[in-house]
Amino acid sequence: MTSGNPYRPGRNHTSRTYPVIPPIYQTTTFELDDTSYADIQGTGGLRETWYSRFSNPTVDAAASEVARLHGASRSLMTASGMAAIATTLVTLLRSGDTVVASKQVYGDTDDLFQRDLPRLGITVVRVDAFDLAAWERAVAEHHPTVVYGETLSNPQLRVMDVPAVAAIAHDAGARLVVDNTFATPFCTTPLALGADVVVESATKFLSGHSDVVAGAVTTNDANLAVEVQRRLITFGGCLDPHAAFLVWRGMRTFGVRLAEACRAADVIATKLADEPGVEHVRYPGRLDHPDAGPVIDTVMPNSKGAMVCLVVEGGDERVLQVLRRLEVGTEATSLGGVETLASVPFNSSHFNMTPQERLDAGIPPGLLRLSVGLEGADILVDDLRQAIAATATR
Ligand SMILES: *Cc1c(COP(=O)(O)O)cnc(C)c1O
């Protein structure tokens with residue numbers, strides 16, 4: 001150790017110690033030797049660790065963990081959830097192709113479908129994700145290359161019939177891409193239900209601490225994984241090693257975090273359903289949920305997720321006051337952290353819609369979206385109760 005080379009510090013680590021936790025390989029480049037050159041020439045550098053936009057051991061550690069959660073053969077980490085979605089779509093689609101996509105998707109995904117993909121010569125056909133006949137009609141009429149939807153929608157918390165939509169897509173020779181960010185691999189693994197690719201924002205439940213922006217693409221199709229990797233290399237949507245470490249670290253507690261958050265969400269949904277001032281509770285674990293029955297039993301058979309929506313009487317004006325009165329929940333967008341986050345779609349995720357458009361999209365006035373954290377179910381129930389009581393008009 002004393003004869004270290006200050007110009008080549010990576011070479012100084014000669015001790016035979018094995019870290020329990022993957023080191024953060026905060027390096028852009030790796031020393032090359034004859035094997036590296038052979039790989040670079042043989043596979044275009046896709047396998048060898050030689051430059052961190054291609055691959056990096058810390059990023060690979062996070063990717064392996066996402067793949068394990070999905071029981072999948074391969075995941076690729078991306079710089080954000082949007083990088084996962086955009087990179088997957090530009091991999092699968094080319095000019096002249098058609099994508100049939102759910103109308104109920106994340107706002108920036110919606111922009112991608114409305115603005116960016118059409119500019120690349122891709123036709124986008126939109127359907128109501130919860131109307132199987134609409135999927136069937138659109139796929140039969142438009143012969144898409146890709147079919148796209150979200151397992152659990154925001155903020156309606158509707159559940160897509162993944163096996164049925166996968167069958168419709170496959171019958172037409174299309175591939176099904178599913179955004180599983182809200183449901184998470186704790187509640188459902190869409191590849192096992194027929195999806196071909198899962199895209200996720202690891203910013204949310206996967207990392208779980210609201211401290212890193214990241215994404216993941218997961219598939220059992222080895223060739224497709226290589227094609228996505230090539231686009232990550234050329235479009236540059238790779239994840240930074242330090243960010244990858246945070247994602248990896250967050251996933252160490254993924255199972256226990258989600259078990260507790262889903263349990264607390266269920267308690268909140270049950271206890272607030274009959275609360276004075278609450279018009280309605282939307283949670284996939286409730287019998288009055290529109291997809292209760294075979295769809296939820298198949299797609300989310302066990303835990304029903306950590307997202308709950310309440311509709312309070314008195315509309316958007318009242319719900320804003322409720323939001324401000326919360327003492328435990330934090331008024332913020334995003335989701336999936338250890339802390340409970342509360343937001344109202346009308347002034348954040350869905351502000352660009354008119355009230356009527358929101359109503360048509362299943363977002364009534366007074367809707368409060370909760371990403372349930374780990375503070376404890378009773379503490380959260382009490383917090384919501386006091387905030388609702390404090391804003392009662394009579
Ligand atoms: C947050 C989110 C995204 C985008 O993820 P980023 O990590 O913010 O890029 C995509 N889809 C859904 C459903 C999300 O909630």
Side-chain angles (χ1 to χ4, degrees), residues 59 62-63 66 75-90 99 101-117 129-130 148-160 162 176-188 190 195 197-218 228 232 235-240 243-244 246-248 250-251 258 261 265 284 299-300 305-309 332-337 341-345 348-351 361-363 369-373:
V59 178
V66 176
S75 293
L76 294 148
M77 299 308 297
T78 60
S80 65
M82 286 316 300
I85 295 165
T87 308
T88 299
L89 290 174
V90 296
V99 51
S102 157
K103 280 182 194 165
Q104 295 90 350
V105 295
Y106 181 72
D108 296 316
T109 308
D110 197 67
D111 280 351
L112 196 61
F113 286 135
Q114 292 209 33
R115 291 202 307 241
D116 302 305
L117 293 185
F130 313 104
Y148 185 98
E150 298 182 355
T151 34
L152 185 59
S153 75
N154 168 39
Q156 306 87 351
L157 305 182
R158 293 287 307 267
V159 179
M160 185 169 85
V162 177
L176 175 62
V177 179
V178 162
D179 181 335
N180 195 46
T181 302
F182 268 57
T184 85
F186 186 80
C187 297
T188 187
V197 188
V198 172
V199 289
E200 283 168 316
S201 170
T203 311
K204 318 289 171 52
F205 291 101
L206 286 173
S207 65
H209 294 73
S210 307
D211 56 6
V212 59
V213 172
V217 180
T218 302
V228 172
L232 276 175
F235 288 89
C238 59
L239 188 61
D240 174 79
L246 290 173
V247 176
W248 183 90
M251 283 190 289
L258 266 290
V299 179
M300 297 175 78
M307 302 299 295
V308 183
C309 290
T333 187
S334 196
L335 59 140
L341 298 180
S343 62
V344 291
S348 56
S349 55
H350 295 73
F351 78 91
I363 309 170
R369 188 188 87 176
L370 294 169
S371 165
V372 178

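Sequential numbering from 1 along the given sequence is applied to the chain's residues. First listed ligand is number 1; within each ligand, the first listed atom is number 1. Because the structure is predicted, anything quoted here is derived from the model rather than measured.
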In this structure, does ligand 1 have an atom that sits under 4.0 Å from one of the heavy atoms of Ala214?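 True for this residue.
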Does ligand 1 have any atom that is closer than 4.0 Å to a heavy atom of Asp179?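 Yes, Asp179 has heavy atoms under 4.0 Å from ligand 1.
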Given that the side chain starts at C-beta and the backbone is N, CA, C, O, which of these parts of Ile85 lies under 4.0 Å from ligand 1, counting heavy atoms, or is it both or neither?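 Within the 4.0 Å criterion, Ile85 contacts ligand 1 through side-chain atoms alone.
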Supply the atom-to-atom distance Ser371 OG to Asn154 CG, rounded to the nearest 0.5 angstrom.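 Ser371 atom OG to Asn154 atom CG measures 10.5 Å (nearest 0.5 Å).
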What's the shortest distance from [atom] to any protein heavy atom, and which residue and atom give it?
| atom | answer |
| --- | --- |
| atom 3 (C) of ligand 1 | Tyr106 CE2, 3.4 Å |
| atom 6 (P) of ligand 1 | Gly81 N, 3.3 Å |
| atom 2 (C) of ligand 1 | Lys204 NZ, 2.5 Å |

Can you find a pair of side-chain heavy atoms, one from [X] and one from [Y], that are under 4.5 Å apart?
| X | Y | result |
| --- | --- | --- |
| Met82 | Leu112 | yes |
| Leu246 | His209 | no |
| Cys238 | Val59 | no |

If you compare all heavy atoms of Met160 against all heavy atoms of Leu176, which two are closest, and at what distance to 0.1 Å?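 Heavy-atom minimum between the residues: CE-CD1, 4.4 Å.
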Which residue, Thr181, Thr188, Thr184, forms the side-chain contact (heavy atoms from CB on, under 4.5 Å) with Thr151?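 That would be Thr188; it is the only one of Thr181, Thr188, Thr184 passing the side-chain contact (heavy atoms from CB on, under 4.5 Å) with Thr151.
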If you measure every N or O of Thr203 against every N or O of ligand 1, does any of those distances drop under 3.5 Å?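 Between Thr203 and ligand 1 (N or O atoms, distance only) the closest approach is under 3.5 Å.
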Can you confirm, on distance only, whether ligand 1 has an N/O atom lying under 3.5 Å from any N/O atom belonging to Leu335?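 Not met; the criterion fails.
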